[in-house]
Participant: 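Sharing a structure here in C-alpha cells format.
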There are 2 protein chains.
Amino acid sequence: MKPTVHDIAKSAGVSLATVDRVLNSRPGVRGVTRAKVEEAIVELGYVRDLAAANLAKGRTYSFIFILPENDNSFMIGLHEEVRGAIARSSAERTRIRIVDVPPFDPEALVAALENVLAEKPAGVAFIAVDAPEVRAMAERLREAGIPMVTLVSDLPDSSRDHYAGIDNIAAGRTAGSLMGRFLIGRDATVAVLAGSMLVRDHRERLEGFSAVISDHYSNIVILPVLEGRDDAVLAERMVADTLRRHPDIAGIYSLGGGNRGLIRAIQKADVKQPVVIAHELTGSTRSALGDGVIDAVLNQDAGHEVRSAIRVLKAKADGLPVIAAQERIRIDIFLKDNLP
Amino acid sequence: MKPTVHDIAKSAGVSLATVDRVLNSRPGVRGVTRAKVEEAIVELGYVRDLAAANLAKGRTYSFIFILPENDNSFMIGLHEEVRGAIARSSAERTRIRIVDVPPFDPEALVAALENVLAEKPAGVAFIAVDAPEVRAMAERLREAGIPMVTLVSDLPDSSRDHYAGIDNIAAGRTAGSLMGRFLIGRDATVAVLAGSMLVRDHRERLEGFSAVISDHYSNIVILPVLEGRDDAVLAERMVADTLRRHPDIAGIYSLGGGNRGLIRAIQKADVKQPVVIAHELTGSTRSALGDGVIDAVLNQDAGHEVRSAIRVLKAKADGLPVIAAQERIRIDIFLKDNLP
DNA sequence: CAATTTTTGAGGTACGTAAATCAGAATTTC
DNA sequence: GAAATTCTGATTTACGTACCTCAAAAATTG
C-alpha cells in the first residue's frame with residue numbers, strides 16, 4: 001500500500017498538520033521537527049498523490065501559448081494543434097489560451113510576455129525570436145517562477161526550461177546527406193531556397209546543409225541562397241528565375257516556407273527534374289511527394305511539439321521530472337513510401 | 001465552472017443518489033427518471049472528473065505486458081522501456097507487470113493469455129504471433145472485456161483494440177526506395193537478410209521492399225533471401241558466404257535482427273563497401289552508422305510504443321477516445337546526421 | 001384498497017490531500 | 001519566573017466522485 005500523509009504523521013510522531021506544513025513548506029515548523037518529517041518521507045518512500053492534491057486545491061493549470069499570426073501551412077497547423085489541445089483540456093485540469101502576435105517581431109513578443117508576467121499563469125510557451133530584449137524578458141519570467149517552453153524556434157542558453165522543437169543544424173545536415181546521396185557521383189549544382197537569413201532556424205539549417213556538402217560531397221556546388229520570405233509568390237519567381245539562368249540545376253533544398261511556389265516553378269520549368277528536398281509535410285509538399293516533384297520532406301510534428309510543450313509545462317509546474325526521450329522532437333524524414 | 005454531480009441533481013430535480021445510479025448504471029431507476037438525468041447531463045455538458053472518481057474508487061489500473069524472452073538488442077530495449085514505465089507507474093495509479101514467454105511460440109502465448117483472462121487486469125499488451133489459436137484467445141479476451149493492445153507485431157483483423165507498432169509494409173517500401181535512390185542508375189545486385197519468413201513483420205518488410213524495387217528500380221536484382229534467425233553468428237556466416245560468392249553485391253537490406261554479425265561480415269570482407277540499410281537503432285547499428293558501414297537505419301521507437309500502449313490501454317479502460325496522431329508509431333529514418 | 005415491490009431521497013463515509021482555526025505546549029526573551 | 005513568542009496538535013471543512021444504508025414515496029399487483 002502506498003503511504004499517505006497519515007502514515008508519515010504516525011511514523012514521524014507528529015500531527016497531520018505538521019506534515020502538511022512541511023510538505024507545502026508553510027512556516028511554523030522547527031528545524032528538528034521538519035527533519036524528522038522529511039526523514040519519514042524518505043523512509044516510507046512517500047510520493048504525494050498529485051490527483052488528490054489537485055482535487056483538494058481545486059487547481060487548474062493555466063497555460064498561455066504565444067503564436068505568430070503567420071499564414072503558412074505549418075503555422076496554421078500548429079494553431080490547429082493548440083486548439084485541439086484546448087478542446088481536450090477540460091478533462092485534464094488545464095486551461096490553455098492562445099495569444100497571437102505579429103511574426104518575427106521581438107517587441108511584440110516582449111509585450112505579449114509582459115502581459116504573461118502580469119497574469120502569472122502556470123506556464124507559457126512561445127516561438128522565440130532570438131533578440132536581446134526577448135532574452136531579458138525571459139530572464140524576468142524565470143525570476144517570477146513561470147515555467148517557460150520555447151516552441152519550434154529556440155532561445156539557446158537562455159532561461160527557458162525546455163525547447164520543444166527539432167535540432168535545426170542536424171536537420172540541415174540530414175538534408176545535405178540525402179542530397180549528396182541522391183546526387184551521388186555526378187558534378188552538380190544545387191540551389192537553396194530559404195525564408196530569411198535573419199531567422200535562427202533557417203540559418204542553422206543552411207549551416208548544417210553546407211557543412212555536409214562541403215565536407216563530403218565536393219562534387220556539389222551550392223548557389224547563393226535565395227531568400228523567398230516564406231512567400232509562395234516570391235519563391236516561385238525566384239526559383240523560376242534561377243532555373244532559367246542555371247538549366248543544369250540538379251538539386252534544390254528548400255529549408256523554409258513558400259513551397260507551393262517552389263513546386264509550381266519546378267512544374268512549369270522546362271528542365272530535367274531536379275532532386276528536391278523540402279521541409280514540413282503540408283498539403284502541397286505531401287502531394288508533390290506523391291507526384292515525384294519533391295523527393296524527400298523533412299518534418300517536425302507540430303502535434304507532438306504542442307503536446308510535448310504542455311506535458312513539460314505541467315511537469316515543471318509540479319516540479320516533476322520529464323521523460324527526456326518522450327519529449328525529443330524527431331526530424332521525420334518522409335519519402336513517398338512512408339507517408340502517414 | 002465545470003458542472004458537478006450536484007449541478008445535475010439540481011437541474012434534473014432528483015437526488016444525488018439517483019444521479020449516481022444513472023452515472024454508474026446501477027439498478028433502481030425508472031426509465032423516465034433516467035432520461036431526465038441523462039438529458040441534464042447532456043445539457044450541462046457534464047464530464048465526470050476521472051481523477052476524483054479514481055480517488056474515490058481507490059482504483060489502480062493493472063496492466064500486463066507479455067514479452068518474449070529474446071536476447072536481441074531490440075527486445076532487451078523494449079523490456080527496459082517497460083521497466084522504465086513500471087518505475088514511473090507509482091505516480092500514475094498504474095501497476096504494470098511483465099510476463100515473459102518463449103519467443104515465436106503460439107502455445108506459450110496462448111497459455112500466458114489464459115492466465116491473463118483468469119486475472120482480469122485492466123488491460124494487456126503483447127507481441128502477437130500470428131496463429132489461429134492466438135486469434136481465438138484474443139476473441140475470448142475481448143468477450144471478457146479486457147482491453148488489448150498488440151505491440152511491435154500485429155494480429156490484423158482481430159479483436160485487439162489497438163496496434164502499437166509500425167506499418168511494416170511501408171517500412172519495407174521505404175527501405176526499397178532508399179536503396180533504389182542510393183544505387184541510382186547502375187545495375188546492381190542486392191542481398192536481403194531476414195530473421196525468418198515465418199514472422200509476419202519480416203514477411204511484410206520483404207514484400208514492401210521487393211514491390212518498390214521491382215516497380216521502380218529494374219536495374220536492381222534481389223538475391224534469394226537469407227534467413228539468419230536473428231542470430232548474429234549465423235547471420236555473419238551467411239553474409240560472408242554470400243559476399244564471397246557475389247563480390248559484386250552493391251547493397252544489403254537487413255530487415256531483421258543479427259546486425260552485429262552482418263556488420264562484422266562486411267568489415268571483414270574484401271569487397272567494395274555495399275549500401276547497407278538495416279532496422280532498429282541499437283548500439284551496434286548506431287556505431288556502424290557512424291563508421292559508414294551502415295548507410296541508413298529504419299527504426300521503431302520502443303519507448304514510444306510502450307508509452308503509447310499504456311496510454312491506449314488506460315483510455316480503453318476508461319472508455320475514452322485516443323488521440324490517433326499521438327499513437328501513430330513512426331518509421332524513423334536515421335542517417336548518421338540525424339542520430340538522436 | 002391493502003399488500004407488495006420498485007423507485008427515490010436524504011444522509012453518511014470514504015479516497016488523499018489542502019488549508020484553515022484554535023488551543024495548548026514548548027521555547028525564548030526580558 | 002512571567003510574558004511574549006514560536007511551534008505543534010487536534011479537529012474541521014473542502015475538492016468531486018463512489019458507494020452504502022435506511023426510510024419514505026411512488027408505482028404496481030392481486
Participant: Given C:dT7, D:dA18, D:dC7, identify the nucleotide with an atom nearest to the side chain of B:A56.
Facilitator: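 Closest nucleotide among those given: D:dA18.
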
Participant: In whole angstrom, what separates A:I8's CD1 from D:dG9's C1'?
Facilitator: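 Rounded to the whole Å, the gap is 17 Å.
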
Participant: Please round to the nearest 0.5 Å and tell me the distance separating atom CD1 of A:I98 and atom CZ of A:F63.
Facilitator: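 Rounded to the nearest 0.5 Å, the CD1-CZ separation comes to 14.5 Å.
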
Participant: With the side chain of A:A53 defined as its heavy atoms from C-beta on, choose the nearest nucleotide among D:dG9, D:dA18, C:dT17.
Facilitator: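 Between D:dG9, D:dA18, C:dT17, the one nearest the side chain of A:A53 would be C:dT17.
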
Participant: Can you figure out which of D:dC19, C:dT17, C:dT21 approaches the side chain of B:R26 most closely?
Facilitator: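 When the side chain of B:R26 is considered, D:dC19 is the closest of D:dC19, C:dT17, C:dT21.
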
Participant: Checking contacts here: which listed nucleotide (C:dA19, D:dA18, C:dG9) is nearest the side-chain heavy atoms of A:D20?
Facilitator: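 Between C:dA19, D:dA18, C:dG9, the one nearest the side chain of A:D20 would be C:dA19.
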
Participant: Quick one: is the NZ or CZ of A:R160 closer than 6.0 Å to the six-membered ring centre of A:Y163, and within 45° of its axis?
Facilitator: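 Not flagged: A:R160 not positioned over aromatic ring of A:Y163.
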
Participant: Describe the nucleic acid contact of B:R21 in one word from base, sugar-phosphate, nothing, applying a heavy-atom distance below 4.0 Å.
Facilitator: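 Here B:R21 touches the bases of the nucleic acid.
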
Participant: Would you indicate which nucleotide in C:dT17, C:dT7, D:dG16 comes nearest to any side-chain atom of A:H6?
Facilitator: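 In terms of side-chain proximity for A:H6, the closest of C:dT17, C:dT7, D:dG16 is C:dT17.
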
Participant: Judged by each residue's nearest nucleotide on DNA chain C, which is more toward the 5′ side, B:G28 or A:V47?
Facilitator: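 This one resolves to B:G28.
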
Participant: Which nucleotide sits closest to the side chain of A:V5: D:dA18, C:dA18, C:dT17?
Facilitator: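 Of all the options, the side chain of A:V5 is nearest to C:dT17.
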
Participant: Quickly, which of A:R311, A:K314, A:K316, A:R307 forms a salt bridge (charged side-chain N to carboxylate O under 4.0 Å, His left out) with A:E327? Name it, please.
Facilitator: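 When A:R311, A:K314, A:K316, A:R307 are each tested with A:E327, the salt bridge (charged side-chain N to carboxylate O under 4.0 Å, His left out) holds only for A:R311.
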
Participant: Let me know the distance between CG of B:L50 and C1' of D:dA18, rounded to the nearest Å.
Facilitator: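 Answer to the nearest Å: 13 Å.
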
Participant: Which whole-number value in Å describes the distance from B:N54 CG to C:dG16 C1'?
Facilitator: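 Distance, rounded to whole Å: 13 Å.
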
Participant: Just call it for A:G13: base, sugar-phosphate, or nothing, with non-hydrogen atoms closer than 4.0 Å on any strand.
Facilitator: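 Sugar-phosphate: the residue A:G13, judged by heavy atoms under 4.0 Å, touches backbone atoms but no base.
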
Participant: For DNA chain D, whose closest nucleotide is more 5', that of A:L16 or that of B:D49?
Facilitator: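 Residue closer to the 5' terminus by nearest nucleotide: A:L16.
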
Participant: Nearest to the side chain of A:R48, which nucleotide is it out of C:dG9, C:dA18, D:dT17?
Facilitator: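 Nucleotide nearest to A:R48's side chain: C:dA18.
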
Participant: I want to verify a distance call: between C:dA18, C:dG16, D:dG9, whose nearest atom is closest to the A:L23 side chain?
Facilitator: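 Of C:dA18, C:dG16, D:dG9, C:dA18 is nearest to the side chain of A:L23.
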
Participant: Taking the six-membered ring of B:Y46, is the NZ or CZ of B:R48 close enough (under 6.0 Å from the centre) and on axis enough (within 45°)?
Facilitator: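 No, cation not above the ring by the 6.0 Å, 45° rule.
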
Participant: Given B:T150 and B:D154, is the side-chain hydrogen bond (donor to acceptor under 3.5 Å, both in side chains) satisfied, shown in steps?
Facilitator: CA-CA 5 Å; B:T150 50; B:D154 194 17; 2.8 Å; yes

